[in-house]
Amino acid sequence: MPSNPPKLPVNEMSSRHPGLSDPVAASYLEAARVCLDRHHKPPVEFQLRDEDVLCKTKVDWHTADERSRGAWANEIDATEAGAYCCALAATELARGLVAVRRAETKTGADYYLAAAGEEVEDLENCLRLEVSGVDKGAENLVAARLLEKIAQARRGHSNLPALAAVVGFRAQQISIKTVPPI
């Protein structure tokens with residue numbers, strides 16, 4: 001493993017992810033900072049598991065201020081939004097995929113992904129991404145949640161292939177898995 005792991009690209013995501021507006025990307029980053037602050041001091045290494053490949057990534061952020069912590073005082077909302085930030089950054093780092101659009105309800109996904117720089121005229125060549133976050137759980141809870149998210153993506157009303165990603169904030173782990181077709 002490299003002695004200096006690559007940085008998780010959580011900053012300025014809207015410049016690389018056409019499916020994120022500036023305010024949405026900033027909001028997700030702010031939530032991620034609040035979630036990371038609950039358990040860690042920057043920078044910290046996370047394990048990034050993409051399928052069966054395990055590597056490390058460095059997560060660096062500016063500590064959240066009191067106003068941000070107050071704005072994200074709802075732990076469930078903060079964990080969900082923070083997970084969007086970290087999961088999208090992880091798919092970008094691990095697979096070169098970026099968000100191109102928010103997914104519709106009942107598709108079994110949160111975002112549509114495409115290769116960075118690819119022109120997307122329609123969604124037929126995209127992947128769906130289903131995301132979840134775990135605030136306090138250990139690696140076993142991250143793994144269990146990943147299985148739940150895979151099942152949810154499989155039940156979605158879409159014929160597009162999918163990925164599931166789970167971010168474990170305390171566990172310092174991000175897991176990405178391809179959703180097998182039905």
Side-chain angles (χ1 to χ4, degrees), residues 6-29 31-32 35 46-55 57 59 76-135 137 141-169 171 173-182:
K7 264 179 122 173
L8 190 68
V10 295
N11 293 303
E12 300 175 8
M13 289 179 67
S14 62
S15 67
R16 300 179 312 279
H17 293 253
L20 299 177
S21 64
D22 290 340
V24 169
S27 178
Y28 288 172
L29 176 58
C35 294
F46 265 54
Q47 288 188 350
L48 173 56
R49 182 179 302 277
D50 182 10
E51 303 297 346
D52 295 323
V53 177
L54 184 64
C55 64
T57 182
V59 184
I76 293 169
D77 290 348
T79 302
E80 178 181 277
Y84 288 149
C85 178
C86 294
L88 289 168
T91 59
E92 178 184 359
L93 179 63
R95 296 192 181 200
L97 299 172
V98 295
V100 295
R101 183 172 161 176
R102 187 79 157 102
E104 300 84 4
T105 305
K106 304 226 186 246
T107 58
D110 297 299
Y111 276 93
Y112 293 107
L113 304 175
E118 184 177 311
E119 288 292 322
V120 178
E121 292 180 27
D122 56 39
L123 300 174
E124 74 181 37
N125 293 322
C126 291
L127 289 170
R128 295 175 295 137
L129 176 66
E130 174 58 27
V131 176
S132 187
V134 176
D135 181 54
L141 186 55
V142 173
R145 180 71 59 84
L146 186 60
L147 293 175
E148 291 172 16
K149 294 288 121 180
I150 288 169
Q152 181 177 336
R154 288 182 81 190
R155 289 190 307 268
H157 299 293
S158 175
N159 60 354
L160 293 176
L163 301 174
V166 176
V167 179
F169 286 102
Q173 183 176 1
I174 303 169
S175 293
I176 304 168
K177 194 91 165 154
T178 300
V179 175
I182 295 176

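The analysis underlying the following values was restricted to heavy atoms, covering all of them including side chains, and did not include hydrogens, waters or symmetry mates.
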Taking it one step at a time, do Leu146 and Ile176 satisfy side-chain contact (heavy atoms from CB on, under 4.5 Å)? CA-CA 8 Å; Leu146 186 60; Ile176 304 168; over 6 Å; no
Residues 85-109 vs ring pair (Phe, Tyr, Trp, His ring centres under 6.0 Å), sequence neighbours excluded, gives none
Thr91 meets the side chain to side chain donor-acceptor pair (under 3.5 Å) criterion, sequence neighbours left out, with none
By salt bridge (charged side-chain N to carboxylate O under 4.0 Å, His left out), Asp52 pairs with (sequence neighbours left out) Lys177
- Query: Can you find a pair of side-chain heavy atoms, one from Ser132 and one from Glu148, that are under 4.5 Å apart?
  - Reply: no
With a 3.5 Å cut-off and sequence neighbours excluded, list the donor-acceptor pairs that the side chains of residues 108-123 form with protein atoms.
| from | atom 1 | to | atom 2 | distance (Å) |
| --- | --- | --- | --- | --- |
| Asp110 | OD1 | Tyr84 | OH | 3.2 |
| Asp110 | OD2 | Val131 | N | 2.7 |
| Tyr111 | OH | Tyr28 | OH | 2.8 |
| Tyr112 | OH | Glu104 | OE1 | 2.5 |
| Asp122 | OD1 | Glu124 | N | 3.1 |

Distance col, row Asp135:CG vs Leu141:CG, nearest 0.5 angstrom, shows 10.5 Å
CG of Leu129 to CG of Leu88, rounded to nearest 0.5 Å, is 6.0 Å
- Does the side-chain contact (heavy atoms from CB on, under 4.5 Å) test come out yes or no for Leu93 and Thr57, once each step is laid out? CA-CA 9 Å; Leu93 179 63; Thr57 182; 3.5 Å; yes
d(Lys149 NZ, Arg154 CZ) to nearest 0.5 Å is 15.5 Å
On a heavy-atom basis, the closest approach of Thr79 and Val134 is CG2-N, 3.9 Å
Heavy atoms of Gly168 and Val142 approach each other most closely as CA-CG2, 3.7 Å
side-chain contact (heavy atoms from CB on, under 4.5 Å) between Leu97 and Glu92, intermediate numbers included | CA-CA 5 Å; Leu97 299 172; Glu92 178 184 359; over 6 Å; no
TODO: Would you indicate whether the side-chain heavy atoms of Val179 and Pro161 approach each other to under 4.5 Å?
DONE: no
- Message: Is any side-chain heavy atom of Leu127 closer than 4.5 Å to one of Leu160?
- Response: no
May I ask you to decide if Lys106's main-chain N or O and His157's side chain share a donor-acceptor pair within less than 3.5 Å?
no
Residues Val167 and Ala83: closest non-hydrogen pair is CG2-O, 3.7 Å
Contacts of Arg49 meeting salt bridge (charged side-chain N to carboxylate O under 4.0 Å, His left out) (sequence neighbours excluded), chain-then-number -> none
Sequence neighbours excluded, the answer for salt bridge (charged side-chain N to carboxylate O under 4.0 Å, His left out) partners of Glu80 is none
CG of Asp22 to OG of Ser14, rounded to nearest 0.5 Å, is 3.5 Å
Problem - N/O donor-acceptor pair under 3.5 Å between Arg128 side chain and Thr107 backbone - result: yes
Exercise. Say whether Gln47 and Gln173, considering side chains only, have a donor N or O and an acceptor N or O under 3.5 Å apart.
Key: no
Residues Gly82 and Ala31: closest non-hydrogen pair is N-CB, 3.6 Å
Separation between CD1 (Ile174) and SG (Cys55), nearest 0.5 Å, reads 9.5 Å
- Determine whether the side chains of Glu51 and Thr178 contain a donor N or O and an acceptor N or O closer than 3.5 Å. yes
Rounded to the nearest 0.5 angstrom, the SG-CE distance for Cys86 and Met13 is 8.5 Å
